[in-house]
Amino acid sequence: MKSFDIAIAGGGAAGFFAALRAAECRPGSRIVILEKTGKFLSKVKVSGGGRCNVTHDCLHTSGLIRNYPRGGNSLKKLFGAFKVEDTIAWFKERGIELKVEGDGRMFPVSNSSQTIIDCFLEEARRLNVQLVTNFGVSKLENTGRGFLLRSLKGEVIHAERVLLATGGYAKAEAYHWLQDTGHSIIPPVPSLFTFNSPENSIRQLAGISVPQGLVKIEGTKLQYEGPVLITHWGFSGPAVLKLSAFGADWVHSQDYQFTIQIRWVQEPQEEVLRQHLLSYQLTHPKRQLHGYPLYEIPQRLWHYLCLKAEIPEGQRWAELSKKNLNKLIEGLFRDRHEVKGKTTFKEEFVTCGGIPLQELKLPELESRIRPGLYFAGELLNVDGITGGFNFQNAWTTGWLTGTAIAGSL
Ligand SMILES: Cc1cc2nc3c(=O)[nH]c(=O)nc-3n(C[C@H](O)[C@H](O)[C@H](O)COP(=O)(O)OP(=O)(O)OC[C@H]3O[C@@H](n4cnc5c(N)ncnc54)[C@H](O)[C@@H]3O)c2cc1C
């Protein structure tokens with residue numbers, strides 16, 4: 001039976017980062033990455049549309065952790081120890097410059113995820129990390145002197161320390177093999193999706209967006225600001241994606257059937273909006289309502305909201321009744337839409353759920369139940385919104401576990 005100092009289950013972003021860190025901290029140690037499929041780093045390959053959105057230009061830990069719906073204050077300990085700056089420096093030291101896009105997302109200057117993959121494979125070769133494919137870990141046994149890892153095909157290896165970095169699974173059954181670890185597993189729930197609104201006439205406006213809207217889920221405190229996009233299926237854009245991530249558990253519990261209210265205008269106070277419309281009415285009495293959008297609302301959306309407020313085409317501001325004005329304000333301020341179902345966002349599927357941080361020592365991410373066993377990446381009950389935050393979690397938790405494991409040998 002082969003024996004290693006460190007065995008890492010999962011040849012993805014977190015597994016590689018941990019292996020490279022451990023190998024650097026403890027040169028000469030026997031480290032192996034066991035990957036279930038025939039390929040390493042396949043999610044890195046397809047990430048960010050093939051460009052790999054490596055991280056986000058968010059240098060303060062307090063600001064960074066606000067982009068992770070789950071994990072709470074524990075994340076301060078993790079991201080405080082390995083920050084976005086450290087990620088940038090790590091890649092730079094290995095010849096990969098990252099660039100920032102207008103919305104804060106950071107990509108390799110090459111615009112190719114292959115740059116990241118090549119770097120990891122080259123580093124693994126340089127540091128003598130063994131890479132094994134087609135080894136799906138199906139059982140983990142504690143021997144008292146380390147662990148035995150059994151594959152689906154019956155192969156067995158021994159390791160002093162084990163890191164599980166097997167990523168997020170979409171189905172609860174996929175986590176069953178982890179029950180032997182003694183850890184609880186928070187059932188997986190999808191995060192990061194767009195809202196479907198079938199039979200909604202607003203879908204005729206597909207492609208139209210407002211730069212700064214607010215989307216609220218009726219009957220909850222869940223609401224997020226940001227660009228809102230109307231799609232062929234319903235609603236998307238950063239405000240909707242954030243809502244899907246932070247409200248993942250709640251909308252799942254509602255079987256993805258709920259009502260949203262959209263504020264299409266930036267003005268946060270309804271009374272200010274009303275006063276503005278009333279004074280506009282006084283200054284532009286002869287102007288036709290439908291033809292002159294206000295608040296930078298796209299023409300077709302403004303026209304839709306006027307119709308929804310039952311304002312006849314051709315009507316002038318002077319002719320606008322109080323009742324219709326109220327309806328227009330309602331539409332601008334809390335335009336209600338039924339949501340029925342969801343759609344995956346650009347295939348960027350992320351799960352929340354997994355191993356709770358409370359059961360791990362932080363920041364080492366070592367099991368409190370099984371000393372010598374560590375967890376990293378999306379397998380943890382940590383997930384970020386879109387924009388590079390999920391990889392930052394993989395780098396941070398990979399680096400921390402790599403450091404801790406090497407230090408513990
Ligand atoms: C299409 C897509 C695009 C994305 N784009 C971005 C992006 O641009 N930026 C960003 O921040 N995030 C992005 N994400 C999310 C990001 O890819 C993940 O959060 C990240 O890959 C998690 O890293 P990980 O190492 O924890 O898991 P993974 O990358 O999923 O790696 C886990 C590995 O473990 C293997 N494995 C599973 N079970 C076993 C087992 N029992 N034994 C051995 N091996 C096993 C898997 O085959 C896999 O190779 C994207 C996700 C998707 C799906």
Side-chain angles (χ1 to χ4, degrees), residues 7-20 32-56 58 64 67-68 84 87 98 101 103-108 111-113 116-117 120 131-140 149-153 155 157 162-171 174-178 180-181 188 190-193 241 245 344-352 354-355 365 374-399 401-402:
I8 296 173
F16 265 83
F17 221 69
L20 302 179
V32 65
I33 301 182
L34 306 166
E35 166 56 41
K36 180 169 76 174
T37 67
K39 270 200 179 144
F40 294 106
L41 300 161
S42 36
K43 263 200 202 169
V44 172
K45 178 77 182 160
V46 297
S47 65
R51 294 199 298 143
C52 187
N53 180 190
V54 175
T55 186
H56 200 94
C58 193
L64 182 67
N67 297 286
Y68 295 85
V84 169
T87 303
L98 301 181
E101 304 222 320
D103 56 5
R105 291 180 302 158
M106 299 191 75
F107 294 87
N111 268 332
S112 168
S113 57
I116 307 294
I117 296 175
F120 284 170
L131 303 179
V132 176
T133 50
N134 300 308
F135 193 112
V137 179
S138 62
K139 203 160 174 49
L140 189 68
L149 296 103
R150 291 187 191 277
S151 80
L152 293 161
K153 294 186 222 150
E155 303 131 301
I157 68 151
V162 170
L163 167 65
L164 299 181
T166 47
Y169 297 121
K171 294 202 173 128
Y175 285 90
H176 281 172
W177 71 277
L178 289 163
D180 292 345
T181 63
S191 182
L192 282 187
F193 46 83
L241 289 167
T344 308
F345 170 67
K346 291 187 187 166
E347 306 305 316
E348 187 171 334
F349 174 80
V350 171
T351 50
C352 53
I355 305 290
L365 295 153
Y374 296 76
F375 297 88
E378 213 182 300
L379 176 59
L380 300 165
N381 184 32
V382 175
D383 58 283
I385 59 170
T386 184
F389 300 104
N390 285 300
F391 276 139
Q392 185 57 49
N393 171 42
W395 315 138
T396 293
T397 55
W399 192 88
T401 47

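All values reported here derive from a predicted model rather than from experimental measurement. Atoms within a ligand are numbered from 1 in the order they appear, just like the ligands themselves.
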Value rounded to 0.5 Å, distance of [atom1] in [X] from [atom2] in [Y]:
X: L152; Y: W177; atom1: CG; atom2: CH2; answer: 9.5 Å
X: L98; Y: F107; atom1: CG; atom2: CZ; answer: 10.5 Å
X: H56; Y: I385; atom1: NE2; atom2: CD1; answer: 7.5 Å
X: T401; Y: L163; atom1: OG1; atom2: CG; answer: 4.5 Å

Parallel, tilted or perpendicular, judged at 30° and 60°: which one describes the rings of F16 and F120?
parallel
Using the ring of each side chain (for Trp, its six-membered ring), is Y169 parallel, tilted or perpendicular to Y175, with breaks at 30° and 60°?
perpendicular
Examine [X] against ligand 1 and note whether any of their N/O atoms are separated by less than 3.5 Å.
X: N53; value: yes
X: G377; value: no
X: K36; value: yes
X: E378; value: yes

Taking a cutoff of less than 4.0 Å between a non-hydrogen atom of the residue and any ligand atom, is F40 in contact with ligand 1?
no
Within the structure, is a non-hydrogen atom of G388 found at a distance of less than 4.0 Å from ligand 1?
yes
With heavy atoms under 4.0 Å as the rule, classify the contact between L34 and ligand 1 as side chain, backbone, both or neither.
backbone
Side chain, backbone, both or neither: which part of A165 comes within less than 4.0 Å of ligand 1 when only heavy atoms are counted?
backbone
Partners of E101 by salt bridge (charged side-chain N to carboxylate O under 4.0 Å, His left out), sequence neighbours excluded?
R51, K99, R105
For K45, what residues pass the salt bridge (charged side-chain N to carboxylate O under 4.0 Å, His left out) criterion, not counting sequence neighbours?
none
Heavy-atom proximity to [atom], best of [options]:
atom: atom 25 (O) of ligand 1; options: G354, C52, A394, A14; value: A14
atom: atom 38 (N) of ligand 1; options: F389, F375, Y169; value: Y169
atom: atom 28 (P) of ligand 1; options: G168, A174, G167; value: G167
atom: atom 42 (N) of ligand 1; options: V137, L149, L192; value: V137

What atoms of ligand 1 come within less than 4.0 Å of a heavy atom belonging to [X]?
X: T37; answer: 47 (O)
X: S47; answer: 3 (C), 4 (C), 5 (N), 6 (C), 7 (C), 8 (O)
X: W177; answer: 41 (N)
X: G12; answer: 25 (O), 29 (O), 31 (O), 33 (C)
X: V46; answer: 1 (C)
X: G10; answer: 33 (C), 34 (O), 35 (C), 43 (C), 44 (N)
X: F135; answer: 42 (N), 43 (C)

Partner of N393 under side-chain contact (heavy atoms from CB on, under 4.5 Å), picked from D383, V382, N67, is V382
Checking side chain to side chain contact (heavy atoms under 4.5 Å, CB included) for the pair L178/L164: CA distance, chi angles, key distance, verdict?
CA-CA 9 Å; L178 289 163; L164 299 181; 3.4 Å; yes
Would W399 and F17 count as a close aromatic pair, with their ring centres under 6.0 Å?
no
Taking the side chain as everything from C-beta on, heavy atoms only, tell me whether K153 gets closer than 4.5 Å to N134.
yes
